[in-house]
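Quick note on labels: first sequence line is chain A, next is B, and so on, each numbered from 1.
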Amino acid sequence: MTQTLEQKINKKLEQTFEKLSLNPQYATVKTSDRPDLSDFQCNGALALAKSERKNPREIASQIAAELEQDSSFSKISVDGPGFINLSVSDKLLSDVMEDMSQDERLGCEKTNTPKTVVLDFGAPNVAKDMHVGHLRSAVIGESIQRLERFIGNKVISDTHLGDWGTPMGMIISEIMLAHPEWPFFDDDKKDGFPDSIPYAVEDLTEIYKAANARCKEDEAARQQARIITAKFQDGHPGYRALWQHLRRISVDAVKKNFDALDVHFDLWLGESDAHETCYKIMDLAQEKGASEKDDGAVIIRLGESNKPKPPVILQKTDGGFTYHITDIATIKMRVDDLHADEIIYFTDKRQALHFEQVFEAAEKLGLVKDVKLQHIGFGTVNGPDGKPFKTRDGGVMKLEALIDLSKEKVKESVPTAEDVAKDFGSVEEAQKYIDNLVDEIAIAAIKFQDLKNNTASGYIFEVDDFAKFDGKTGPYIQYAIARINSIMRKAATANIKEGSITITTKEERDLALKLAQLNTIIWRTHNDKEPSIISDYAYTLAQTFSTFYNAASIMNAESPEIVSSRLRLARLTRDVLKLLLYLLGIKAPEVMLKK
RNA sequence: GCGCUCUUAGCUCAGCAGGAUAGAGCAACAGCCUUCUAAGCUGUGGGUCGGGCGUUCGAAUCGCCCAGAGCGCGCCA
C-alpha cells in the first residue's frame with residue numbers, strides 16, 4: 001500500500017515530534033485554511049503549548065527548524081500564534097500523483113478489520129406510493145452501501161418492507177367490503193386461492209387511502225380492521241393468501257422505483273419476516289425478567305429510575321405486536337443469521353427516540369454483545385413553508401413524477417436522435433444512447449441535489465432545483481468527466497500516450513493537491529456516514545479541474561512531455577471523479593451530447 | 001409539561017474534536033467561444049454567524065440564559 005500525501009507528511013512530523021520529545025499525538029496536518037500561505041498546516045504547537053507550559057511559537061520554531069532538513073518541503077514557516085505552515089515540493093507531489101495514477105484503488109486504503117455491516121434503508125410500505133420522502137433514505141443508504149463495500153466491509157442491505165401492521169388489516173378489510181364474495185374471505189377455506197387479483201399498485205394505494213379515511217371516521221371500521229389484523233397475523237389462510245398478492249404487487253412497483261434510482265438491496269425482508277421471532281423475544285424478555293405487564297400490555301421499562309424513558313411496548317393489550325418488538329426481533333435475526341457486527345438504520349430523524357428505545361431494549365435482552373447499532377436520522381424534505389413537503393393539492397409528490405419532471409427538463413438541452421444519427425450509424429442507435437443519457441443525467445441531478453445536503457439537516461424541496469444543471473449539481477460533475485473523456489479519445493486517435501507527471505503551473509499544482517485528498521475524504525465519509533462530504537469534494541475537484549482545463553491546453557501544451565503529463569493528470573482526475581460519483585450512486589456518461 | 005434539533009449573504013446551504021482574512025451554489029452585475037464540449041471559465045458587490053453573558057491568549061464552533069422555528073414523547077407504523 002502506497003502512502004497518501006497526508007500520511008507521508010504526518011509520518012515526517014511524528015518522527016520530528018519524537019525526536020524533540022513532544023507528544024506525537026499532535027503531529028498531524030490538515031489542508032491549510034490559508035492556501036495563500038501553505039499547502040498544509042499543523043496546529044500541534046498551539047495544543048502542546050498548554051501542557052508543556054511553553055510559548056507556542058517557540059515550540060513551532062523548534063519543529064520547523066527540524067523539518068528544514070527535509071527536502072520534501074518547499075516552504076516552512078511559523079505564522080500567527082504558532083501555526084506551522086508547510087508546503088510540499090513539486091517532486092513529492094508528483095510522486096504521490098504517480099502512485100495514485102498507477103494504483104487501481106487510486107491510493108485508497110482498505111480496512112484492516114473487515115466487518116459485516118447490515119444496512120437498513122429504503123423502508124417502503126405495501127400499498128403506499130413512494131414519494132420524495134423515500135428518496136433520502138434510499139439515496140443516502142445506497143451511497144453508504146457502496147462506500148462500505150469499497151473500503152472492504154461485507155455489506156448486507158435490507159429494505160425492511162412495511163408489510164405487517166394494522167394497515168394490512170385495514171386494506172384487507174376494505175377489499176372485503178368491495179368483494180365479499182372473494183374466496184379469500186371464506187373462513188373455512190384452507191387452500192386453492194386465486195393465483196392473482198385484478199389490482200394494480202395504483203388501485204392498492206387508492207384502497208389504502210379509502211381504508212384510512214374510513215377508519216378515521218368510523219369506530220366500527222377501526223374495530224373491524226383490528227380484528228382482521230389479528231386474524232391475519234395469526235395465520236388466517238385466506239387473508240394470508242390475499243396479503244401475498246398485495247405484497248407482491250407492491251414490491252414489484254417499489255423495485256421499479258428503486259431500479260430507476262439505481263438503488264439495490266440484497267434482501268427484501270419485511271416486518272412480517274420477524275413475526276415468529278417476536279414470540280422468542282417475548283419468552284426471552286420474560287426469562288430475563290426484563291418485561292412486565294402494565295395496563296394489559298407487555299412492556300420493558302427503560303432509562304434510569306430518576307430519568308425514565310418511555311417504555312418499549314412489546315405486546316399490545318389486544319395481543320398484537322408493535323413495531324418495537326418487530327424491530328427488536330429483526331435485530332436478533334440479523335445478529336444470529338446474518339452475523340452482523342454492525343447494524344445501521346437510515347430513517348427520518350423523527351424516529352430517533354424509537355431507535356434509542358429499541359437499542360436499549362436489545363441491550364437489556366443481551367442481543368447485541370459486540371454489535372454496534374447506529375441510527376442515522378436524516379432531516380425531512382420540506383416544502384417552502386418549512387413543513388414536510390406536500391404538492392399543491394396537498395398530496396405528496398410521487399417519486400416517479402419527480403423523475404419524469406427532471407427527465408423532461410434534461411430533454412430540453414439534449415439533441416434529437418435525428419441530429420446525431422450520423423455519429424451513431426442510425427437513428428435507432430442514437431435514440432438508444434440519448435434515452436439512456438437523459439436517464440443518467442436526470443437521476444444524477446436528483447440524487448446529487450439530495451446528497452449535497454447534510455444528512456442530519458432537512459432541506460427545502462424546490463421542484464425546480466431537481467431540474468437545474470448549473471453550478472453545484474450532479475450534471476456539472478458528469479460534464480467534467482465527459483470533457484476529459486473527449487480529450488482521451490482525441491489523444492488515442494492521435495496516438496498520444498500519457499506519461500510521467502511534472503508540475504509546471506499553479507493550476508496543475510492545485511489540481512494535484514486536491515486529488516491527493518481522496519483517501520482522507522473517503523475515510524471521513526465512512527466515519528461520519530455522511531455522503532455530503534464526498535459530494536462536496538467531488539464538486540470542488542471538478543471545479544479545480546475546470547479551472548485547470550480553462551487555464552491551459554492539454555493537447556496543445558508547450559512540449560510533448562507536458563502534454564503527456566497533463567494527460568495523465570486529467571485521466572487520474574477522471575478516474576477519481578468516476579469513483580466519487582459511483583460512491584454517490586451516480587453514473588458517468590461517456591459523452592454528454594448537447595444541443 | 002418533559003426531551004431532541006435548528007437559527008450563518010437576498011434565497012438554499014457548507015464550515016462547528018476552538019485557531020490566522022467565515023466559504024459555496026443560485027440570484028445580481030461586468031467580462032471570456034476562429035483553440036481540448038460555454039451544462040464551462042474569470043472577476044465584482046453582498047454577512048454585527050438569532051440576541052446576551054461566560055470559559056479561553058483566541059469562540060460561528062464549547063457552557064449558561066433569552067427569543068424564534070421545527071420535531072418527538074405507552075398500546076399507529
- [ ] Count the heavy atoms belonging to other residues, nucleotides or ligands that lie under 6.0 Å from CD of A:E590, then report whether that count exceeds 12.
- [x] yes

- [ ] Could you tell me whether B:C16 is syn or anti, where syn means a glycosidic angle within 90 degrees of zero?
- [x] anti

Task: Partner nucleotide of B:G45 by Watson-Crick or wobble geometry (both distances under 3.5 Å) - done: none

TODO: Report the C-alpha separation of A:D470 and A:K468 in whole Å, then their side-chain angles, then the decisive distance to 0.1 Å, and conclude whether the salt bridge (Lys or Arg N to Asp or Glu O under 4.0 Å) test is met.
DONE: CA-CA 6 Å; A:D470 303 329; A:K468 270 191 183 147; over 6 Å; no

TODO: Tell whether A:N85 reaches the base of B:A20 with its side chain through a donor-acceptor pair below 3.5 angstrom.
DONE: yes

TODO: Answer yes or no for this row: A:F83 ring on B:G19 base, centroids under 5.5 Å, planes under 30°.
DONE: no

- [ ] May I ask you to decide if the ring planes of A:F359 and A:Y345 are parallel, tilted or perpendicular, using 30° and 60° as cut-offs?
- [x] tilted

Task: Any-strand Watson-Crick or G-U partner of B:A69, both distances under 3.5 Å - done: B:U5

TODO: Look at the side-chain N and O atoms of A:K128 and state whether any lies under 4.0 Å from the OP1 or OP2 oxygen of B:C76.
DONE: no

TODO: Could you check which nucleotide pairs with B:C64 in any of the strands shown, counting Watson-Crick or G-U wobble with both distances under 3.5 Å?
DONE: B:G52

Task: Watson-Crick or G-U wobble mate for B:C16, both contacts under 3.5 Å - done: none

TODO: May I ask you to evaluate whether A:T322 reaches the phosphate of B:C76, defined as a side-chain N or O under 4.0 Å from OP1 or OP2?
DONE: no

Open item on the list: Please report whether the ring centroid of A:Y539 lies less than 6.0 Å from that of A:Y476.
Closed with: yes

